[in-house]
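Take a look at the structure set out below.
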Amino acid sequence: MVNKKYIYLDNAATTPMDPRVINTILDHFNNTYGNASSIHSIGQISKNILEESRKSIAQFISAKKEDIIFTSSGTEADNLAIKGVAYQNKNEGNHIITSSIEHHAVLNPYKELEKEGFKITILPVDMNGLIDLEQLKDEINKKTILISIMFANNEIGTIEPIKQIGEIAKDHDIVFHTDAVQALGKIPIDVNDLNINLLSASSHKIYGPKGIGMLYVRNQGKKENGIKYIKPIMNGGNHEKSLRPSTEAVPLIAGFAKAVELVKNEMKTEVTRQTLLRDKIINFITNNISNCFLNGHPEIRLCNNINVDFSCIEGETIVISLNIENIGVSTGSACSSASLEPSHVLKAIGLDNNQANGSLRITLGRFTTEDEINQFLETLPNVIEEIRKMPPLDNWFCCGNRVQI
Ligand SMILES: *Cc1c(COP(=O)(O)O)cnc(C)c1O
């Protein structure tokens, strides 16, 4: 059992389920067991829940109900979008544009596609993590079939200029995919206004269950002229417009829809509340701990993300020391913290290995209280001081010329 007093500040890795979501799911696990494809009434009950859930999730991003395809995760949605476009359009072109700070669920499918002859342009980002729109335009060529840029970054919280990217993609008649896993529920999203063709999201990042995600697919079956633009990566029955076969996980989908309903109702107040807590942490660290630098954009960042380079001490050591104090933070993406490679995102914004390895990610959530933040801020300076007393790494003078926050 998790200690009740544990202070969980790793909400970008995953969020605890909201008890209201748990109630919804339990109810459906108990009562909604039918296969949504069955004609009898038990099946139709599930079908209704499925379609109601689809409708409310669609409304949240101003999409049409039939354009929401349920998947098992954000990762699967990213794979379906990227491989789906690549395989469907390979006769029209083999060039894809993305950014250097994407999640591995986006970057790793490209590694596979490259082996098959696709050409991937990986746009660099500036020191704040933003792509350059002029460079994006310059990289587009006649063979470009997809632009895929994440909405907001999971490590440093930087929010990309999605509206402008959507306009550029539209002007060139190129499919635009965005991984919105971290943005959903924190930034208002209107897929029409933003000219998004494909959007990935995941339930467990918004207080819903793990194991369910979705891909928004604008007007599948018609690009403009009746050409399909994604191909399924699994083949089976004709669930989810044949784009994602297998019996729909109705209880999880209903939980996802409940989670969306809650973020929809609470987004405004939560964003304000978390932004205040975020800035309190940033200001405190600035004023009380020497030699640290804020990673990511100072303003254009997620309301719940703080990422700080404590230069020259190991982020891993900070994580372990804070864990002893019942505080859970991380060094970056949950996926890369298992490997000892420095984060590709921190390297992309220009950090060297020491700076990248010395960085700590603190991500707030709906259940984070001011009291918890006060306790965290009481503990942190001592933890950092203790670690800094330890024998330094080889390269102590690694702070370079970063601007101190
Ligand atoms: C968590 C995350 C994913 C993966 O989602 P899963 O549902 O865990 O597969 C993809 N992209 C980003 C930006 C994420 O933060």
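When a ligand or atom number is given, it counts from 1 through the structure's own listing order.
Lys90 NZ: 12 or fewer foreign heavy atoms inside a 6.0 Å radius. In this structure, Asn238 places its CG atom where only 12 or fewer heavy-atom neighbours from other residues, nucleotides or ligands lie under 6.0 Å away. No more than 12 heavy atoms of other residues, nucleotides or ligands sit less than 6.0 Å from atom NZ of Lys119.
Contacts with ligand 1 closer than 4.0 Å are made by no heavy atom of Asn153, backbone or side chain. Residue contacts with ligand 1 for Asp179 involve side-chain atoms from C-beta outward but no N, CA, C or O (heavy atoms, distance under 4.0 Å). The part of Met150 lying near ligand 1 is the side chain, judged by heavy-atom distances below 4.0 Å.
With no hydrogens or angles considered, a side-chain donor-acceptor pair links Ser343 and Glu155 at under 3.5 Å. Donor-acceptor pairing under 3.5 Å is lacking for the side chains of Asn287 and Asn283.
Atom 1 (C) of ligand 1 has Lys205 NZ, 1.4 Å as its closest protein atom, hydrogens excluded (heavy atom only).
Atom 6 (P) of ligand 1 has its nearest heavy-atom neighbour, among Gly74, Ser72, Ser203, in Gly74.
Between Ala13 and ligand 1, no pair of N/O atoms sits closer than 3.5 Å.
Residue contact check: Ser202 has heavy atoms under 4.0 Å from atoms 6 (P), 7 (O) of ligand 1.
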